[in-house]
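Since the model is a prediction, treat every value here as computed from it, not as a measurement. Below, each value reflects all heavy atoms present in this structure, side chains not excepted, and no hydrogens, waters or symmetry copies. Here, residue 1 is the first one in the sequence, and each next residue gets the next number.
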Amino acid sequence: QVQLVESGGGLVQAGGSLRLSCSASGVTFSSYAMAWFRQAPGKEREFVVRINRSGTSTYYADSVKGRFTISRDNAKNTVYLQMNSLKPEDTAVYYCAADRSVITSVERAAYEYWGQGTQVTVSS
């Protein structure tokens, strides 16, 4: 059974930092590209960032470029999202997702497995 479990969310002031983690089980982690999406209240779930299977290539949404950093540790079956210079508009539930394809996609439908999400709230 595939499980993706996010952790690390919380409440932080604007300008602060958080580090999210997503631990995978039930899959060969290194066979999957991983991504983070987020969903703010009343909005569609949106792509944030993706990392390829080996961790050598990343793709960021413009809204987070230069502030967020994705990384992965295949030995630990874990992907991370370091979020710096947080803004109130970053407030959302953050989801990790797994995609077996090597084709970079920002579309939700491309991702086979999803975590349950972790809440990030940035106060002004």
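For V93, the side chain to side chain contact (heavy atoms under 4.5 Å, CB included) partners are Y95, Q119, not counting sequence neighbours. Residues satisfying the side chain to side chain contact (heavy atoms under 4.5 Å, CB included) test with D90, not counting sequence neighbours, are R38, R67, F68, L86, K87, Y94, V122. Taking the side-chain hydrogen bond (donor to acceptor under 3.5 Å, both in side chains) definition, one finds that K65 meets it with D62, sequence neighbours left out. Remark: F37 pairs with F47, Y111, W114 by the ring-ring contact (aromatic ring centres under 6.0 Å, His included) rule, at least two apart or across chains. For S17, the side-chain hydrogen bond (donor to acceptor under 3.5 Å, both in side chains) partners at least two apart in sequence or on another chain are N84. For T28, the side chain to side chain contact (heavy atoms under 4.5 Å, CB included) partners are S30, S31, not counting sequence neighbours. Partners of A98 by side chain to side chain contact (heavy atoms under 4.5 Å, CB included), not counting sequence neighbours, listed by chain and number: L4, Y32, M34, Y113.
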Show me the side-chain donor-acceptor pairs of residues 19-27 shorter than 3.5 Å, one per line, residues at least two apart or across chains.
none

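The environment of Y59 atom OH is sparse: at most 12 non-hydrogen atoms of other residues, nucleotides or ligands sit within 6.0 angstrom.
Between the SG atom of C96 and the CD1 atom of I70 there is a distance of 9.5 Å, given to the nearest 0.5 Å. Note that CZ of R72 is 6.0 Å distant from CD1 of I51, once rounded to the nearest 0.5 Å.
Within the structure, disulfide (SG to SG under 2.5 Å) contacts touching residues 58-90 (residues at least two apart or in different chains) do not occur. Residue pairs meeting the disulfide (SG to SG under 2.5 Å) criterion with at least one member in residues 35-64: none, sequence neighbours excluded. Identified under the salt bridge (charged side-chain N to carboxylate O under 4.0 Å, His left out) test for residues 93-107, with sequence neighbours left out: R50-D99. Applying the disulfide (SG to SG under 2.5 Å) test to pairs two or more places apart or on separate chains, none has a residue in residues 57-95.
V2 and F29 end up in the same hydrophobic cluster when Ile, Leu, Val, Met, Phe, Trp and Tyr side chains are linked at under 4.5 Å.
The two atoms that bring P88 and S124 nearest to each other are CG-CB, 3.8 Å, heavy atoms only. Across every non-hydrogen atom of V49 and L81, the tightest pair is CG1-CD1, 3.8 Å. Across all non-hydrogen atoms, the minimal contact from V120 to M83 is CG2-CE, 3.8 Å.
Judged by distance alone, the side chain of T118 and the main-chain N or O of G9 form a donor-acceptor pair under 3.5 Å. Panel note: side chain E6, backbone Q116; a donor-acceptor pair is recorded below 3.5 Å.
Residues V79 and W36 have side chains in contact (heavy-atom distance under 4.5 Å, counting atoms from C-beta outward). Using a 4.5 Å heavy-atom cutoff, the side chains of N52 and V102 are not in contact.
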Exercise. Apply the test side chain to side chain contact (heavy atoms under 4.5 Å, CB included) to residues R108 and E46: give CA-CA distance (whole Å), side-chain angles for both, the deciding distance (0.1 Å), then the verdict.
Key: CA-CA 8 Å; R108 291 170 53 185; E46 66 174 3; over 6 Å; no
